[in-house]
Amino acid sequence: MKIKLALVALMLASSAQAIEVGVTTNRDYSQNPDRTGFGITLGEKFGKTSVTGGFERYTQNSNDTNRYSVVAGYDVAQFGAVTITPKVGVAYLNPTTTENGWQGTVGVGASYALTKNVALTADYRYQGAIQSRVNNFDGNVVSAGLKYSF
């Protein structure tokens, strides 16, 4: 699975119009207690359309979870330096204490251009289980980050 997501990211990078690399910090409200994580992203923009592959790591006591995702977005509005982007995608969860599984994700993101190449990002997503064995991860996640566009 990890190899497939890495191949998707490499294919995106090889035909890039605008490659974006980012780092994020995340707050997952699907678990009790809430969990904080960090992540990295690699994406590509095709005009207003974007495709992003991501990796996030959450740690809560001894329950670590890796999350691999592919998300598509479309820029719907721009207000000055702020761009609003609805997003939809899939994620593969790899927790240490339960079985692996797939989730669907839907949300919205905003980016604030600091310079031509650097932007602050904020995202909200709702994630829901495609496979019932990961339905305990259903819920809301917010993230903030920084991305650099080549």
Side-chain angles (χ1 to χ4, degrees), residues 1-60 63-95 101-130 134-150:
M1 178 63 226
K2 296 175 193 175
I3 293 172
K4 290 179 184 178
L5 287 174
L7 289 174
V8 167
L10 286 174
M11 289 187 317
L12 289 174
S14 67
S15 63
Q17 292 180 0
I19 295 177
E20 299 176 338
V21 177
V23 293
T24 62
T25 183
N26 311 289
R27 189 72 171 169
D28 183 344
Y29 295 96
S30 68
Q31 300 283 299
N32 188 10
D34 302 338
R35 300 177 310 154
T36 299
F38 64 90
I40 57 173
T41 60
L42 175 62
E44 182 175 1
K45 295 273 294 183
F46 302 95
K48 291 184 174 197
T49 304
S50 61
V51 177
T52 304
F55 167 78
E56 296 169 8
R57 172 82 173 181
Y58 294 93
T59 303
Q60 178 189 26
N63 184 14
D64 297 342
T65 303
N66 293 326
R67 183 179 188 276
Y68 307 90
S69 63
V70 177
V71 177
Y74 186 80
D75 299 344
V76 294
Q78 187 163 358
F79 306 98
V82 177
T83 303
I84 307 297
T85 308
K87 300 178 179 187
V88 63
V90 296
Y92 181 75
L93 298 179
N94 184 10
W102 290 93
Q103 285 194 313
T105 183
V106 63
V108 65
S111 63
Y112 176 78
L114 296 173
T115 69
K116 180 181 175 187
N117 297 70
V118 178
L120 294 174
T121 63
D123 284 25
Y124 161 80
R125 73 173 177 257
Y126 179 82
Q127 54 192 23
I130 294 173
V134 291
N135 65 1
N136 60 320
F137 292 96
D138 291 359
N140 301 305
V141 178
V142 294
S143 67
L146 187 67
K147 69 179 175 183
Y148 183 84
S149 301
F150 294 91

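What you see is a predicted model; the values in this text were computed from it and never measured. Positions are given from 1, in the same order as the sequence printed here.
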(request) Heavy atoms only: give me the nearest V134-Q103 pair and the separation to one decimal. (result) O-NE2, 3.7 Å
(request) Compare all side-chain heavy atoms of Y29 with those of V142 and state whether any distance is below 4.5 angstrom. (result) yes
(message) Could you check whether K48 pairs with D75 (Lys NZ or Arg NE/NH1/NH2 to Asp/Glu carboxylate O, under 4.0 Å)?
(response) no
(request) Test T41 against E20 for side-chain contact (heavy atoms from CB on, under 4.5 Å), laying out the working first. (result) CA-CA 8 Å; T41 60; E20 299 176 338; over 6 Å; no
(message) On a heavy-atom basis, which atom in T105 and which in V90 lie closest, and how many Å separate them?
(response) CG2-N, 4.0 Å
(request) Check whether any side-chain heavy atom of S111 lies under 4.5 Å from a side-chain heavy atom of K147, and answer yes or no. (result) yes
(request) Sort out for me which residue in Y126, Y58, Y124 forms a side-chain contact (heavy atoms from CB on, under 4.5 Å) with V141. (result) Y58
(request) Assign the ring pair F55 / Y68 to parallel, tilted or perpendicular, where the plane angle (0 to 90°) is split at 30° and 60°. (result) tilted
(request) Considering non-hydrogen atoms only, spot the tightest contact between Q127 and S30 and give its length. (result) NE2-OG, 4.0 Å
(request) Tell me, with the steps shown, if R35 and T65 meet side-chain contact (heavy atoms from CB on, under 4.5 Å). (result) CA-CA 10 Å; R35 300 177 310 154; T65 303; 3.0 Å; yes
(message) Keeping D138 on the side-chain end and A129 on the backbone end, is there a donor-acceptor pair under 3.5 Å?
(response) yes
(message) Give me the atom names and distance for the closest heavy-atom approach of A110 to D123.
(response) N-OD1, 4.1 Å
